[in-house]
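The structure appears right after this line, and notes come after that.
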2 protein chains.
Amino acid sequence: MKLSLLQTHGLKILLTIIKSGKETLTASEISKIEGLKTGYVGKILFMLRKAGIVSTIRGKTGGYFLADDKKNITLYDVLTALSPNKNEIELCPNIKEGENCTHSIDCAIRPVFYEAHKFFKHLASNITLEEMANREKDIMSKVKEIKNHYFKEKV
Amino acid sequence: MKLSLLQTHGLKILLTIIKSGKETLTASEISKIEGLKTGYVGKILFMLRKAGIVSTIRGKTGGYFLADDKKNITLYDVLTALSPNKNEIELCPNIKEGENCTHSIDCAIRPVFYEAHKFFKHLASNITLEEMANREKDIMSKVKEIKNHYFKEKV
DNA sequence: AATAATTTTTACAAAAAAGTAAAATAAAAA
DNA sequence: TTTTTATTTTACTTTTTTGTAAAAATTATT
């Protein structure tokens with residue numbers, strides 16, 4: 001249950017773009033605001049572009065901007081894009097996508113992580129960048145609301 | 001949302017001890033059963049001992065055994081013991097234990113992880129090694145049961 | 001006592017992840 | 001067409017995590 005620094009930086013970069021109000025932002029501008037190296041910001045934005053989260057304009061007057069409306073990009077999208085094993089936030093290392101667990105007989109760990117991950121995915125998929133650009137307090141009530149609704153439906 | 005290989009190996013080692021039926025098991029015996037290097041098994045068991053999860057008998061005829069009844073050791077205990085940052089399964093890297101988030105003004109990530117972690121902790125704290133020594137199907141229904149109860153109480 | 005089998009501890013090696021830096025490429029502007 | 005400023009890509013460095021190996025310490029047995 002860990003948010004990596006890379007993911008944190010990625011989120012902050014995206015929030016910086018949103019909060020700037022500008023059409024596009026360069027890696028260099030972001031790096032100054034966030035206190036990160038330009039190359040590092042560029043690398044993260046490159047990963048986010050490959051995931052379809054930001055779009056770019058190359059060359060002079062170039063820069064980065066959200067590929068979609070901030071309402072449509074979720075926390076889960078961003079975390080997945082910046083997860084080292086790319087396709088999915090990892091569950092049990094014994095479970096590859098589409099495969100059965102090779103330890104299915106004695107792997108008692110899977111159901112626990114399956115349930116926990118399902119909830120986390122649901123939570124993170126229902127938080128948008130727009131909402132994250134607002135303050136904690138607003139998010140906190142939104143989180144509670146999602147949780148309550150989730151439990152009402154699934155239980 | 002990731003279970004590290006170290007944690008997986010630790011869980012398997014503990015389940016091996018339980019399933020063996022023996023009073024104690026040596027690192028060498030476990031390593032043969034699990035196909036892991038003896039040194040690696042010893043290292044993991046050393047970490048588990050420091051966390052108070054296993055006890056040991058030194059010297060010849062020595063070995064490892066659970067420090068408490070398998071009913072009383074939870075999945076959460078084990079994961080925490082084998083988490084690289086030892087005290088706690090990590091949340092947001094900006095939150096240190098007992099401190100406020102240094103990014104409190106614009107850190108919109110915290111509430112999401114706080115809620116997800118709370119649920120995961122609850123889940124993992126209510127699964128015991130004894131239950132894990134049984135089959136998946138049993139665990140699955142237990143997990144569902146915990147989930148339902150959690151939601152009924154908290155919502 | 002000496003030996004053998006064990007845990008304990010330390011130090012090191014390998015792998016993975018995170019971060020840095022610089023060369024290559026692209027496009028606007030002078 | 002040259003220059004400037006940007007993204008893109010690759011390669012490398014550092015750090016962290018994981019795993020290996022061996023020496024030290026402990027205790028039962030001979």
Side-chain angles (χ1 to χ4, degrees), chain A residues 2-13 17 22-32 34-67 79-86 89-90 93-94, chain B residues 2-13 17 22-32 34-67 79-86 89-90 93-94:
Chain A
K2 175 176 168 178
L3 185 66
S4 74
L5 263 181
L6 187 78
Q7 290 169 326
T8 307
H9 290 153
L11 284 166
K12 286 175 156 272
I13 287 168
I17 292 174
K22 293 184 183 174
E23 285 294 314
T24 69
L25 229 51
T26 68
S28 152
E29 287 173 313
I30 295 168
S31 74
K32 274 168 202 150
E34 287 295 331
L36 302 169
K37 299 280 174 69
T38 306
Y40 185 41
V41 170
K43 185 182 177 177
I44 292 175
L45 284 164
F46 183 55
M47 295 171 82
L48 292 173
R49 182 182 66 74
K50 281 192 291 189
I53 291 172
V54 299
S55 294
T56 54
I57 296 169
R58 299 190 63 170
K60 200 172 176 176
T61 71
Y64 300 88
F65 59 99
L66 295 191
L79 297 185
T80 303
L82 299 177
S83 187
N85 17 342
K86 71 180 190 177
I89 293 170
E90 198 178 6
N94 299 325
Chain B
K2 175 175 167 178
L3 185 65
S4 75
L5 264 181
L6 188 78
Q7 290 170 326
T8 307
H9 290 152
L11 283 166
K12 285 174 158 274
I13 287 168
I17 291 173
K22 293 184 184 172
E23 286 292 314
T24 68
L25 229 53
T26 67
S28 151
E29 287 172 312
I30 295 169
S31 74
K32 274 167 201 147
E34 287 295 331
L36 301 169
K37 299 279 174 68
T38 306
Y40 185 39
V41 171
K43 184 182 176 177
I44 291 174
L45 284 164
F46 182 55
M47 295 172 81
L48 292 173
R49 182 184 66 74
K50 282 190 294 188
I53 291 171
V54 299
S55 293
T56 54
I57 295 168
R58 299 188 63 170
K60 200 173 176 174
T61 73
Y64 300 89
F65 58 99
L66 295 191
L79 297 185
T80 303
L82 299 177
S83 186
N85 16 342
K86 72 179 190 177
I89 295 170
E90 196 178 8
N94 299 324

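Just so we're on the same page: letters track the sequence lines, and every chain starts at 1. Predicted model, so just to flag it, every value in this text is computed and none were measured.
With C/dA21, C/dT7, D/dA28 as the choices, the nucleotide that has an atom nearest any side-chain atom of B/Thr61 turns out to be D/dA28. Picking from D/dT29, D/dT5, D/dT18 the nucleotide with the shortest atom distance to the side chain of B/Leu6 gives D/dT18. In the set C/dA27, C/dA18, C/dT7, the nucleotide with an atom closest to the side chain of A/Lys60 is C/dA27.
One interatomic measurement links the two molecules: NE2 of B/His9 to P of D/dT17, which rounds to 18 Å at whole-angstrom precision. The CE-P distance, from A/Met47 to C/dA17, rounds to 11 Å in whole Å. The NZ-C1' distance, from A/Lys22 to D/dA6, rounds to 14 Å in whole Å. Residue B/Ile44 contributes atom CD1, which lies 12 Å from atom C1' of D/dT20 at whole-angstrom precision. Here the C1' atom of nucleotide C/dA14 and the CG atom of B/Leu5 are 14 Å apart, to the nearest Å. A straight line from CZ of B/Phe65 to C1' of C/dT7 spans 13 Å, rounded to a whole angstrom.
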Can you give one letter per nucleotide of nucleotides 8-14 of chain D, going 5' to 3': B for a protein heavy atom under 4.0 Å from the base, S for sugar-phosphate only, - for none?
SS-----
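Taking 4.0 angstrom as the limit, B/Ser28 places none of its side-chain polar atoms (N or O) nearer than this to OP1 or OP2 of C/dT6. The shortest distance between the side-chain N/O atoms of A/Ser4 and the OP1/OP2 oxygens of C/dA17 is not below 4.0 Å.
Counting heavy atoms from C-beta on, the side chains of A/Ile13 and A/Val54 never come closer than 4.5 Å. Residues A/Leu36 and A/His9 meet the side-chain proximity criterion, which asks for heavy atoms closer than 4.5 Å.
Residues A/Thr38 and B/Lys37 both approach DNA chain D. Their nearest nucleotides, taken by heavy-atom distance, put A/Thr38 toward the 5′ side.
Residues satisfying the side chain to side chain contact (heavy atoms under 4.5 Å, CB included) criterion with A/Ser55, sequence neighbours excluded, are A/Phe65, A/Ala67. For B/Lys22, the salt bridge (Lys or Arg N to Asp or Glu O under 4.0 Å) test picks out B/Glu29, with sequence neighbours left out. In terms of the side chain to side chain donor-acceptor pair (under 3.5 Å) criterion, residue partners of B/Thr38 (sequence neighbours excluded) are, by chain and number, B/Ser31. By the salt bridge (Lys or Arg N to Asp or Glu O under 4.0 Å) test, B/Lys60 pairs with no residue at all, sequence neighbours left out.
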Passes side-chain contact (heavy atoms from CB on, under 4.5 Å), A/Thr56 versus A/Tyr64? Steps please.
CA-CA 5 Å; A/Thr56 54; A/Tyr64 300 88; 3.1 Å; yes
